[in-house]
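Just follow the structure's listing: the first ligand is 1, and inside any ligand the first atom is 1. Residue numbers run from 1 in the order of the sequence given.
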Amino acid sequence: MNPYNKEYAIARDENDPLKQFRTRFVNPDPELLYLDGNSLGMLPADTARHMDQVINNEWGKGLIRSWNTGWYERSAELAAQLAPLIGAQPDEVMIADSTSVNLFKLAYAALHHQKGRKGIVSDQLNFPSDIYVLQGLVELFGNRHKLRMAQSADELSVTMEELEKHLSDDTALLTLSYVVFKSAFMYDMKAVTALAHEKGAMVLWDLSHAAGAVPVHLNESNADLAIGCTYKYLNGGPGAPAFLYVRKDLQEKLKSPIQGWFGQQNPFAFNMEYQPATGINRFLAGTPPLLSVSALEPALQLMNEAGIQNLRKKSILQTNYLISLAEENLVPLGFALASPKDEEQRGSHVSIRHPEAYRICKALIDPHTGRKAVIPDFRDPDNIRLGVAPLYNTFLDIFEAVMELKLIVEQELYNKFPLTRETVT
Ligand SMILES: *Cc1c(COP(=O)(O)O)cnc(C)c1O
């Protein structure tokens, strides 16, 4: 069968063992191809029903009593369901706050613990918010630290040699995104963690573009700390609360910079002295956003039902398929692949580059007569990211999206869109 035609895509979908999971999501528009699950995951069909129950029964009828009938433990219970997806023990993970806030708390904890050391290492490909948080911490600690940024020679990846150049016996913390947000480059977590540990540095992984997309092995890699968000591949909803991970043996040694009552040993004793809780709870600050936390339940249920290994297997098939279609149809039109070709070094999205990327994205999103709209996302200056969420994306989605891209560039349909950028791209 010709792998570049539509029948091939349809046949792949028919043979997909995970195909029924697509029907477990709300898909209001059959004319829409959604390839942005790496920015905001789709809405699971069970979420609305579940939230109706939480709102009307737990809140509406139970009122404050619901704190004693499930609310108080909910963040920890859902964290325990997330733990196997990231290779951690249930009592090493907590749902709390946002990714940026969790990064602040855990990076602070690491710098505080490694008091004598002055180096912080990250890389040029990291998510800017992560770097802002680190810059803020340098200032907070009185400008004693130096933030060093490992460079990328190809704008896609960073080598072990480059990381090693920046690490020394003075490094307190190495913090990286396990899967890089633009190129989807994926580090060798075990090797990088071992390299940093050799120098006595702690390692904090940002799993935002990895959790729910690739199996993560925090324990097996002996990772110290991790954070990540739940609204991307984990489908927790816009602004869903984030997670944090602290390896068991480190929990009692580290302290959170935000000493709130939910991190206190006994919040309801209302003591005036702060005593950190034992275990992972000490990294909580205040009352969790219960409604948003609850929305994670149907989402994590779906993930665990599908199995992260099965999802990864499908994701590799789909991203490889996307790359081969792009090479056949798009590279001749001026596109370039902006993700690693090696599947072992790639997460679940594929970036392509084109000088007109911004306007091409506009044209993709605009539903033109008789054609499907495609939602990817655009990242400055010339990146189009195509997120493949194996839980609901089909091979046909990928085929049709590539055909739309081809048509838009061949017929220069992007010409009618202005070059001015919108606030959220
Ligand atoms: C999406 C993402 C974030 C988001 O941080 P928020 O605090 O949830 O806005 C942080 N880091 C990385 C690497 C991300 O991809």
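- Using a 4.0 Å cut-off between charged side-chain N and carboxylate O, Arg49 and Asp52 make no salt bridge.
- Protein heavy atom closest to atom 6 (P) of ligand 1, with residue, atom name and distance, is Tyr231 OH, 3.5 Å.
- Classification of Asp91 and Lys248 as a salt-bridged pair holds, one side-chain N sitting under 4.0 Å from a carboxylate O.
- Here the protein heavy atom with the shortest distance to atom 14 (C) of ligand 1 is Lys232 NZ, 2.9 Å.
- Heavy-atom contacts of Ser98 reach the following atoms of ligand 1: 7 (O) (cutoff under 4.0 Å).
- Where the criterion is an N or O separation shorter than 3.5 Å, residue side chain and backbone included, Asn126 fails it with respect to ligand 1.
- For Tyr72 and Phe262, the ring centers are positioned less than 6.0 Å apart.
- Protein heavy atom at the shortest distance from atom 12 (C) of ligand 1 is Asp206 OD2, 3.3 Å.
- Here the side chain of Asp224 pairs a donor or acceptor atom with the backbone of Val203 at under 3.5 angstrom.
- Salt bridge status for Arg421 with Asp380: present, with a side-chain N to carboxylate O gap under 4.0 Å.
- Looking at Ser348, its side chain does come within 3.5 Å of a backbone N or O of Val388 through a donor-acceptor pair.
- Phe104 and Tyr108 have tilted rings, their planes meeting at an angle from 30° to 60° on a 0 to 90° scale.
- Taking the six-membered ring where tryptophan is involved, the planes of Phe378 and Tyr358 are perpendicular, since the angle between them exceeds 60° and thus also 30°.
- Counting only heavy atoms of the protein, atom 7 (O) of ligand 1 lies nearest to Ser100 OG, 2.7 Å.
- In summary, the atoms of ligand 1 found under 4.0 Å from a heavy atom of Ser208, numbered by their order in the structure, are 2 (C), 3 (C), 10 (C), 11 (N), 12 (C), 13 (C), 14 (C), 15 (O).
- Here the heavy atom of the protein found nearest to atom 3 (C) of ligand 1 is Phe127 CE2, 3.5 Å.
- A heavy-atom separation below 4.0 Å is found between Ser177 and ligand 1.
- Counting atoms of ligand 1 from 1 in the listed order, those under 4.0 Å from a heavy atom of His209 are 15 (O).
- Among protein heavy atoms, atom 5 (O) of ligand 1 sits closest to Thr99 CB, 3.4 Å.
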